[in-house]
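Okay, so here's the structure we're looking at.
Each chain gets a letter, A, B and so on, in the order the sequences are listed, and its residues count up from 1.
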Amino acid sequence: MARAATSDELALLRSSNQWTKLFLYIHNPETVFTAQLDSLPNSNDQVTKIAYKNAAGSTGDVIDGMTCLVGTTAGACDVGFIRIRAIDTTSITLGETSEIVWQTDLYLTILDDFEFWGKKLAFLGGSYTLENDTPYVEQYSKKAPVPVMGPYFNVLKLTGSTVSLSMDASASWVPGGSISAYSWAAHGPAAVTFSDAAAAAPTLTFSLIGTFRISCTVTANDYTTTGYRYIYVYDTAHPLLSDFTIDTISGSRTDGWSFKVDWYNTVAMTLLKDRSVAVLVAEDHYGDTIQSIGPIPGYEHIVAIGRIKGSSIKSNPELNDVSFSVQGNAWWLQNTISWPFTLMDTHAVKSGGTPLAVDWMHMDGLTIDAALWCWSIWRSTIVKSTDVYPTSDTRRAFSSAGNLGALWDQIKTFSDAIGAFPACDRYGRLFVQIDIPLLADRSSIPTVMAITKQDWVDDISITKLDHLSTGWYEGVGFNYNGTNFDVVLSTAPGNSLAQFGNVQTKNNLVASSQSAMNALVGRLLSRQNNLFPVVDISLASNNRLIDVAGQQYVTLSLALGDTSLGIVWTNKKLIINWVELRYEADSGALLTSIEAAADTDGPAGVTIIPPTPPGNPNPPGPGTPIHPIVPPPGIWFPPIIGPKPTDDCKANKYAPETKEYTLYFNPTQINGGSFADASFSCFIRPSDATYLTRIEIAAMRFGVSWSDVTVQAIGADQSVLATAAFMSGSSDSGTIDLATYRFSPGLSGASVAGFRISVASGAIVSYSLGSFIKSDTVAGNNSSGIAVTGLTIGQWYSIESSGGPFYFYGPSRPDFYGYSPQISEGGDWYHVNEGPAGFISATDISMEGKYSRAYFQASTTQIYFRVDDSYFSDNSGDLSYILRNAIIQPASLLLSGVGVINVCKQ
Amino acid sequence: MTTYTISGTITAGGSGLAGVTISDGTRSAISAADGTYSIGSVPNGSYTLTPSKVGASFSPATLAAAVSSSNLTGKDFTGYVNFMIGTSLVGMTDLMALSRLVAYPKSTFVPWSKPVTLGDGTVRGLGWKTIEWSWKIISPAQVEKLRSFCSGASAEVYIVSRQNVADAFMAYKAVMIWPQEERDFLRRTDFTIKFQRLEAQ
């Protein structure tokens, strides 16, 4: 966290002869396990498990979350990267992937490194399942903790017999609870001594050079989570890299930190790998004092941490160097994509309604920090390698959602409900922090330093707005009233527009009361109208206390003649937006520049009442409680309140209206039997042959025909106003299809709150192998077969033989009935669903090679398995069956873009 | 009258320093190649020993010596000689001892390399201190020795130099910057070697 500079540090920051030596450490992680692919997966799509052979290394060294390279040669990654989830003696369970083109005997190299990955939540077998195999049990009621241990990497110099570092996990957290235990451990070339391995903040002592993996397992609510960090210890005989140059190291609160390196070593090309961690280290001189100044004890000498962006590696033979860029965690989060993230509070129901059941999509007591916790622990792998700092905000949220896309964007979207945003510091620590101008209480925000004339160089540049940017700001939010949620609406500056400026609206805000909502909207307006949005300051110091992440101020004092604008400030509070460390190789000076914005605050807005929907005979009057339009699970149409419409659109409703409004559906992937909604408050215009009121959909279809898709207009009372008729659609295989659905003219003039797209339950699109359950031997001449017991009714399984055709069938054991997936000697025929109904319900057969594998959904707890040749009783050999869990992917529609035409937006 | 000897060693940069004159006020001796010296024929009495050598300074500047019916040993001085260079603080080379020429090079100290003007109008010197050694004439032996410390464009070395003429000599760890164009001593009369990143030792 940010902190104020001490008086001793200020003296150093204001001293002469400040200069810095920069060093670089590039980490090539240790290989913990290698193997080759033993057999090709069923397909390249949605692979979750692979068999391996020719292994080297101990499976005990493989940890959930490690990165695995997939290549055509040993140690290569030319085929791709996968995430390890588990390993046994024959197979690896991995994070579901479709991007690997599996080939025979591919090399698998598991690295001692933890990258960012998204985790998939899918609708399987009637409920949401995480990563295809983890049902919701009690994960939200007994929350696992988030470990916070410090930056992912540190680099220490061994100058004597030992070197020590204090690590601190006391900032580990869990929503609504506390950490009950800490357990530290180390893995590396030598033992690491912990002052107290069960303490929150032990001191670690290293006596040998090398890379050490430090783990800390934190416990809360009887659950544990383990984070991993690395310490590289070096000595004079094994120095860090120094034959390189760096011009600038820069960071913004929107995009994080990065730097570019020119390394004077063309041989180094082979040493540089995509995604390798790079650590920039400083030896800082303040006059004759050698000391680094930074926010984290023990990490002051670390300038920045990131990973090498592989595509940036370029050799420059003329200059005898190789250049590459290093991107901090923000960039990697902005470029790592994941499935949609959606959470709804279980009390997001109508007044008097029954709270929703808790599952992966519904949480009791949802807050933005709880959403961040869920995103961190269950929907990504970030907590293994990165500190995540929550907002500490405890207000209850109606819902939290992030679209299919970048992990960064998901946090950005759901944390915006309380005016928070993600930001990463130089070390890569992720802070989800409320923007300071939106805070009611800012007393705990530290001021890193008070900048005066002895601190800045040349002129200070200040941008001053000459008129207001925003003239009207409206906010719509939810306030939890102890039972369910009230809608709270506010506008600022009041019920009259300002003379200048644009109109801004923000929805889905979280407020603790109507008055708090008014205060928040007032602050939102003030932030928009910041008179001093940009203050550029070049500091005459190597100041690495200031960062773009972690709430902090600097203050600035200006006298009349200090700027051309004649601004006079005394300790004006500034908020950091951008920091640059500029390194001058001719002098060794590492100089800090910042771009900041003045802090803002303003008067509260006023309460507003939403417009009366047409046809409502009893509009809410002043003071009338406004209850949210609360849907059944999965539906949400928050009211979108804007300035009173001018009605031009309606007044000229017979004029052509060709504007297409974009609809945003949540979720964007709709499985068979499910639906998605988009809030869009509008009036339907008359629809005739010329001016069709219609919805156009661009989407990818998986096992869904356009006739399976239903498009409906939904009213403010959640009723279905109309169902659109399918007009036309393309069927371009493998690409995005387009379809148009038309509403009947009878809907003309109706007020619509939103639209719904649903997909009928359809066929299952794909099957893939899940975890191994069991196998057993069956004699080739056993015409009765053997029982396969312990099945769960309704669960999907796969069954196959170890090398020959087979039968499996239900409890009555008919000789010729049931399923007989096989391939005959002379052809490719196989039997499907020929047996008496009711014993086994299977809907598909996946053929593989000469013999087949069957996927089936059990309708009984026991089936029988026998080999095909047993009918002839002439086979003396044995075969085995292999029973596994099966992973199914139902038919689904992946929306790419949806627009509505011939409506009047409210 | 019985007389005694006063002896000791003069070291500089971890090596014996030759050619230093040590005087007790009446008698004197010159240090040998290994830095040792011995003043003979000293009667009982109290003396002040003072070392001297052109271009060098010593610590301490003087030493008290009381001869009382026995020889005195261990009267050691540490010498600081300009233009000493080495890979550590031990075994440094006195570059001037490698030249028979009288001309001494010039040592220029630059207190900072990045002056900046602050908001209050004052100047702050940022960046490292530098020292430049420049020769009008340099001997092949000196060039050869310099090359042994810096085969490329730069190298980390230890030097002894002083900031100003009146200052004491200081030992520094420094990065020697000796670009290729400064090495062609046959064709030029001015040679400059820059030492930057000075760290006082």
Side-chain angles (χ1 to χ4, degrees), chain A residues 11-23 236 239 242-243 245 264-265 282-290 320 450-461 537-543 556-563 569 582-593, chain B residues 86-90 108-132 150-159 161-164 167-182 192-201:
Chain A
L12 292 176
L13 293 172
R14 290 165 177 159
S15 65
S16 299
N17 287 116
Q18 297 180 35
W19 64 277
T20 298
K21 287 183 194 174
L22 290 178
F23 302 94
T236 307
S242 59
D243 53 342
T245 60
Y264 300 116
N265 185 349
E283 179 187 290
D284 298 298
H285 296 247
Y286 295 90
D288 291 330
T289 303
I290 302 177
N320 195 36
I451 298 172
T452 65
K453 292 180 181 182
Q454 59 184 320
D455 298 309
W456 77 72
V457 178
D458 303 327
D459 296 325
I460 287 183
S461 170
I537 306 172
S538 295
L539 296 172
S541 62
N542 166 18
N543 187 329
L556 178 63
S557 294
L558 292 174
L560 191 62
D562 288 342
T563 64
W569 281 344
R582 190 178 68 259
Y583 187 71
E584 300 191 356
D586 291 340
S587 65
L590 185 64
L591 297 176
T592 305
S593 297
Chain B
T87 56
S88 72
L89 291 172
V90 178
T108 305
F109 175 76
V110 181
W112 53 66
S113 46
K114 173 73 178 176
V116 295
T117 302
L118 304 178
D120 60 6
T122 61
V123 174
R124 178 180 296 161
L126 297 177
W128 46 55
K129 302 170 184 175
T130 63
I131 285 178
E132 285 184 4
C150 185
S151 58
S154 67
E156 188 173 85
V157 296
Y158 290 81
I159 62 169
S161 193
R162 59 183 172 186
Q163 297 191 1
N164 298 294
D167 293 337
F169 291 103
M170 293 278 292
Y172 298 100
K173 184 162 76 171
V175 173
M176 176 177 174
I177 307 295
W178 198 20
Q180 190 62 42
E181 58 271 23
E182 294 290 329
T192 299
I193 296 175
K194 181 183 282 187
F195 298 92
Q196 60 187 27
R197 301 189 185 189
L198 298 185
E199 294 177 59
Q201 300 297 298

Result block: side-chain N/O donor-acceptor pairs under 3.5 angstrom for residues 124-132 of chain B, not counting sequence neighbours:
| residue | atom | partner | partner atom | Å |
| --- | --- | --- | --- | --- |
| Arg124(B) | NE | Arg14(A) | O | 3.4 |
| Arg124(B) | NH1 | Ala540(A) | O | 3.2 |
| Arg124(B) | NH2 | Arg14(A) | O | 3.4 |
| Arg124(B) | NH2 | Gln454(A) | O | 2.8 |
| Trp128(B) | NE1 | Asp586(A) | O | 3.3 |

Contact origin within Ile177(B) toward chain A - heavy atom pairs under 4.5 Å: neither
Leu591(A), part contacting chain B, at a heavy-atom distance under 4.5 Å: side chain
Under 4.5 Å from a heavy atom of chain B, the part of Ile290(A) involved: side chain
Non-neighbouring partners of Asp459(A) that pass side-chain hydrogen bond (donor to acceptor under 3.5 Å, both in side chains), sequence neighbours left out: none
Exam field: side chain Gln18(A) to backbone Leu13(A), donor-acceptor pair closer than 3.5 Å: yes
No-hydrogen, no-angle side-chain donor-acceptor test under 3.5 Å, Ser538(A) and Asp458(A): no
When Pro111(B), Gly119(B), Pro115(B), Gly121(B) are compared by non-hydrogen pairs under 4.5 Å with chain A, the top option: Gly119(B)
